[in-house]
Amino acid sequence: ACSDEGLCEPGERTRSGDGCAPGEARDVVCGESCAFEPAGECEADGCDSPGAMESAACGRCGSTTRFCTSSGTWEYGVCEEQDDACEPGTVVEEPCGFCGRRELRCGTDCGFAAGECVDEGVCAPGELMTTREGCPSGEERVLRCTEGCGFEEAQRCMPVPVSCTPACADGERCDPDGRCRCGIGPACDDDEVCDGTACIAPSTGCTLAPPFTGCRVGETCDLNAAGEPECYRAGPVSEGGRCSSQDDCGADLSCRDIGGEMVCLRLCAEDDDCTGGPGSVCALVSRDEEENILARTCTLDCDPRTNGGCVFGGCQPFDGVPVDFTHCVPRGTSNFFCSSDAACEPTRGCTTDLLGVTACQSYCRVGTDDCGACEGLPGGVEIGDTEWGVCVGPI
């Protein structure tokens, strides 16, 4: 059990006749020792109606209940004060504004009234301001606000940065005289764009083969949903990488569907435009509904034996017309039974071996020691100095 308890909770207020003459009482407050201590002067506090009970004001604009005893004195309950009440007549000080101070005066309603903020600074600590005051013509400096709410120099006087209003269009630059320019000429008209060196027609009607024209710097040309050339923002994905839209592919690349895989392929007009390697040729075409050719793209140069050069599917050698080539295409997962190359896992082609079994066999180079017997692919697929085949004997 709790023992040696005090009489009250620290901070409680009431009135008591203890220590006063008969018929007198005074305000008391509970101290840290849990005992009431005087908080006012003794004053007459008798009553004429024993048994009477009424509400009375107390403390800091609080209220309590008092009871008239048979001896003709009031007996008080605990004073219920306002939580945010202050002691009328007290004055406190608080910070205000930019490092200023003001007085708070407690009125008869037990609430503070704020006085005027004085001794303020000019800024909030950490605030930065750019000014030309104190600098030579055409220069400016940076000021930083200190903890004392005053400015000090944070960066010495420097030439004023060039800015054009309104801002220059993409590809244009802002000259020191505050005018926009495209290359060495003036700013472009509203119906033109700047490619960094000259004003060109707007970003429609661009070309889908070298030399690529019609798009500004940082853009690339490709077919839109209507099958028409349109400029798109060049993205970060390089040739042979996966894409979800044209905005993913880098300059001069097109996002194309290869057997369900969207891949960035290089736009071309002839084989010499394809620089990926001997297996890369301008052999893939996009057509409209009337079978008209809209654009051409390069195949991907890769190694059928290791699948090197492919980030999806598998590398497959093709008997092309008129040039043989390699390309990365979706492949299956089989390492034995097959009906076509598409069923085999990467690095294998579907062929009939010496025992008459049709199975997935490893790709190889004819005339090398890649395997015991390397049989050339139907039609003979020769790319550069290499003829490709599949292993039909012991490896």
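Everything numeric here is computed off the predicted structure, so don't read it as measured data.
Using a 4.0 Å cut-off between charged nitrogen and carboxylate oxygen, R60 and E81 count as a salt-bridge pair. A salt bridge links R66 with E54: the closest approach of a Lys/Arg side-chain nitrogen to an acidic carboxylate oxygen falls below 4.0 angstrom.
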Using residues 258-271 as the side-chain source, report each donor-acceptor pair under 3.5 Å to any protein atom, sequence neighbours left out, with the distance given to one decimal.
residue, atom, partner, partner atom, Å
E261, OE1, R242, NE, 3.2
R266, NE, E239, OE1, 3.3
D271, OD1, C282, N, 2.8

Under 3.5 Å, which donor-acceptor pairs link side chains of residues 28-40 to any protein atom two or more places apart or in another chain?
none

From CA spacing to verdict: side-chain contact (heavy atoms from CB on, under 4.5 Å), R26, E43: CA-CA 6 Å; R26 61 184 172 185; E43 55 187 10; 6.0 Å; no
Chi angles and distances behind the side-chain contact (heavy atoms from CB on, under 4.5 Å) call for E93, R101: CA-CA 7 Å; E93 193 174 86; R101 58 184 179 83; 3.3 Å; yes
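Atoms OH and SG, from Y363 and C371 in turn, are 13.0 Å apart once rounded to the nearest 0.5 Å. Distance check: H327 NE2 to T297 OG1 gives 7.0 Å after rounding to the nearest 0.5 Å. Going from atom CG of L253 over to atom OH of Y232 covers 14.5 Å, rounded to the nearest 0.5 Å. Here L128 contributes atom CG and T130 contributes atom OG1; the two are 7.5 Å apart, rounded to the nearest 0.5 Å. The structure places CD of E387 at 12.5 Å from CZ of R365, a figure rounded to the nearest 0.5 Å. Interatomic distance, C255 SG to D247 CG, rounded to the nearest 0.5 Å: 9.5 Å.
Under the salt bridge (charged side-chain N to carboxylate O under 4.0 Å, His left out) criterion, R296 pairs with no residue, sequence neighbours left out. Listed by chain and number, the residues in a salt bridge (charged side-chain N to carboxylate O under 4.0 Å, His left out) with E291 are R287 (sequence neighbours excluded). D303 is linked by a salt bridge (charged side-chain N to carboxylate O under 4.0 Å, His left out) to R305, counting only residues two or more places apart in sequence or in another chain. Taking E139 as the reference, nothing meets the salt bridge (charged side-chain N to carboxylate O under 4.0 Å, His left out) condition, with sequence neighbours excluded.
M129 and V122 fall within a single hydrophobic cluster, where Ile, Leu, Val, Met, Phe, Trp and Tyr side chains are chained together by heavy-atom contacts under 4.5 Å.
Exactly one residue among C180, C164, C168 makes a disulfide bond (SG atoms under 2.5 Å apart) with C174. That residue is C164.
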